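Please read the structure below before turning to the comments.
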Amino acid sequence: MQKLIEGIELKQLKKNVDERGHLCELLRKDWSIFKEFAMAYFSVTYPGVVRAWHRHPRTKQEDYMSVIQGMAKIAVYDDRENSSTKGLINEFIIGEDNPTLLKIPGECWHGFKALGVKPVILINFPTKLYDYQSPDEERLPPDTDKIPYDWKLASWLKHG
């Protein structure tokens with residue numbers, strides 16, 4: 001089990017299955033992981049595509065992410081000056097085979113890669129509204145030297 005970056009929380013989600021299909025709750029205000037959310041959106045990402053890196057340093061927006069189709073590898077890098085987990089990277093494989101809600105601190109760099117053969121549908125419930133006039137987003141390319149992470153390999157393969 002990896003040591004979690006300060007501020008990250010995970011909640012395993014439960015699929016309620018019957019002969020009609022299944023239902024899965026994504027976010028409830030009575031869950032301990034819940035703080036608030038300001039909006040909801042989804043994105044579709046084609047297999048093999050990496051969407052990284054970005055963070056929200058000004059508003060400290062937290063993201064509550066879940067993948068409802070396909071599988072994604074989500075990576076988070078903590079370079080916050082006053083964090084007890086500064087320098088740590090977390091990697092999570094979530095999606096329809098591992099339904100999970102992931103809370104990410106906004107000041108941490110994060111991104112994801114669509115795994116497998118299906119497009120990934122990711123839903124996010126951020127705690128702040130997107131400001132079209134002045135977006136709170138810093139971006140880096142997936143292969144930046146500023147973050148010690150290789151999207152090509154799983155972290156356990158690099159060390160094993």
Side-chain angles (χ1 to χ4, degrees), residues 2-15 23-96 98-115 118-149 151 155:
Q2 65 182 325
K3 177 180 179 181
L4 291 181
I5 290 171
E6 185 181 322
I8 284 189
E9 291 183 54
L10 291 161
K11 176 165 182 56
Q12 290 305 128
L13 301 176
K14 182 179 183 302
K15 286 184 180 180
L23 178 142
C24 183
E25 294 176 326
L26 296 176
L27 185 61
R28 292 176 51 107
K29 69 179 183 178
D30 60 348
W31 289 348
S32 63
I33 192 173
F34 179 79
K35 179 180 173 185
E36 64 179 324
F37 76 92
M39 60 183 281
Y41 68 85
F42 75 92
S43 65
V44 176
T45 304
Y46 298 123
V49 171
V50 174
R51 291 188 184 229
W53 293 92
H54 76 276
R55 66 179 175 178
H56 314 285
R58 203 173 61 239
T59 64
K60 298 176 180 37
Q61 165 188 307
E62 294 174 332
D63 289 324
Y64 291 86
M65 296 181 175
S66 191
V67 173
I68 62 167
Q69 177 183 285
M71 293 296 292
K73 175 172 62 171
I74 300 176
V76 183
Y77 175 61
D78 186 357
D79 73 343
R80 299 172 291 178
E81 282 304 317
N82 297 319
S83 172
S84 65
T85 54
K86 183 177 177 170
L88 196 60
I89 292 176
N90 282 168
E91 184 176 82
F92 307 96
I93 308 295
I94 69 170
E96 61 189 72
N98 182 25
T100 305
L101 179 65
L102 173 62
K103 178 180 144 189
I104 302 173
E107 311 102 294
C108 290
W109 292 100
H110 54 284
F112 71 94
K113 179 179 183 178
L115 305 175
K118 284 184 179 178
V120 163
I121 298 177
L122 180 141
I123 295 180
N124 189 20
F125 303 95
T127 56
K128 307 292 182 193
L129 287 173
Y130 183 80
D131 184 341
Y132 297 102
Q133 308 307 320
S134 178
D136 177 23
E137 251 183 8
E138 290 181 5
R139 292 191 173 274
L140 290 171
D143 61 350
T144 180
D145 291 336
K146 295 180 180 184
I147 298 175
Y149 188 78
W151 286 100
S155 61

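All values reported here derive from a predicted model rather than from experimental measurement.
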Q: Over all heavy atoms of both residues, which pair between Gln61 and Pro126 is shortest? Give the atoms and the distance, please.
A: NE2-CB, 3.3 Å

**Q.** Inter-residue atom distance Ile33.CD1 - Leu101.CG, 0.5 Å rounding
**A.** 4.5 Å

**Q.** Heavy-atom pair with the smallest gap, counting every atom of Leu88 and Lys3
**A.** CD2-O, 3.3 Å

Q.
So His110 and His56, do their side chains get closer than 4.5 Å, heavy atoms only?
A. yes

**Q.** Shortest non-hydrogen contact from Leu26 toward Ser66
**A.** CD2-OG, 3.7 Å

Q | Partners passing side-chain contact (heavy atoms from CB on, under 4.5 Å) against Gln69 (at least two apart in sequence or in another chain) | A | Glu96, Lys118, Pro119, Ile121

Q) Are Phe112 and Ile94 close enough that some pair of their side-chain heavy atoms sits under 4.5 Å apart? A) no

(Q) Contact between Arg55 and Asp79 at the side-chain level, heavy atoms closer than 4.5 Å - yes or no? (A) yes

Q: Apply side-chain contact (heavy atoms from CB on, under 4.5 Å) to Glu107 and list each qualifying residue two or more places apart in sequence or on a separate chain.
A: Lys60, Arg80, Pro105

Q. Salt bridge (charged side-chain N to carboxylate O under 4.0 Å, His left out) with Glu36: which residues, sequence neighbours excluded?
A. none

Q: Would you please name every residue forming a side-chain hydrogen bond (donor to acceptor under 3.5 Å, both in side chains) with Asn90, sequence neighbours left out?
A: Gln2

**Q.** Which atom of Pro148 lies closest to which atom of Ile89, heavy atoms considered
**A.** O-CD1, 3.0 Å

Q.
So, using side-chain hydrogen bond (donor to acceptor under 3.5 Å, both in side chains) as the criterion, who are the partners of Thr45 when residues are at least two apart?
A. Arg51

Anything under 3.5 Å between a donor and an acceptor, one on a side chain of residues 5-14, the other on a protein residue two or more places apart or in another chain? List them.
from	atom 1	to	atom 2	distance (Å)
Glu6	OE1	Ser84	N	2.9
Glu6	OE1	Ser84	OG	2.7
Glu9	OE2	Lys103	NZ	2.9
Gln12	OE1	Thr100	OG1	3.3
Gln12	NE2	Asn98	OD1	3.0
Gln12	NE2	Pro99	O	3.4
Gln12	NE2	Thr100	OG1	3.4
Lys14	NZ	Asn16	OD1	3.0

Q: Mind running side-chain contact (heavy atoms from CB on, under 4.5 Å) on Ile104 and Ile74 for me, showing each step along the way?
A: CA-CA 10 Å; Ile104 302 173; Ile74 300 176; 4.2 Å; yes

Q) NZ/Lys15 to CG/Leu23 distance, rounded to the nearest 0.5 angstrom? A) 11.0 Å

Q) What is the distance from atom CD of Glu62 to atom SG of Cys108, rounded to the nearest 0.5 Å? A) 10.0 Å

Q) Measuring from Lys35:NZ to Leu27:CG, what's the distance to the nearest 0.5 Å? A) 13.5 Å

Q) Listed by chain and number, what are the side-chain hydrogen bond (donor to acceptor under 3.5 Å, both in side chains) partners of Asp131, not counting sequence neighbours? A) none

Q | Within residues 25-49 or reaching into it, pairs that qualify as ring pair (Phe, Tyr, Trp, His ring centres under 6.0 Å) - sequence neighbours excluded | A | Phe37-Phe125

Q: Identify the heavy atoms of Pro135 and Arg58 that sit nearest to each other, and give their distance.
A: O-NH1, 3.7 Å

Q | Side-chain heavy-atom pair Lys146, Leu140 within 4.5 angstrom cut-off | A | yes

Q: Can you sort out the partners of Asp30 under salt bridge (charged side-chain N to carboxylate O under 4.0 Å, His left out), two or more places apart, ordered by chain and number?
A: Arg28

Q: Write down the atom of His54, the atom of Asp63, and the distance for their closest heavy-atom approach.
A: NE2-OD2, 4.4 Å

Q: Sorted by first residue and then second, give each ring pair (Phe, Tyr, Trp, His ring centres under 6.0 Å) pair with at least one member in residues 128-147; sequence neighbours left out.
A: Tyr130-Tyr132

Q. Taking Asn124 for the side chain and Tyr64 for the main chain, is one N or O donor matched with an acceptor at less than 3.5 Å?
A. yes

(Q) Applying side-chain hydrogen bond (donor to acceptor under 3.5 Å, both in side chains), can you list everything that pairs with Asn82, at least two apart in sequence or on another chain? (A) none

**Q.** Under the ring pair (Phe, Tyr, Trp, His ring centres under 6.0 Å) test, residues paired with Trp53 that sit two or more places apart
**A.** Tyr149, Trp151

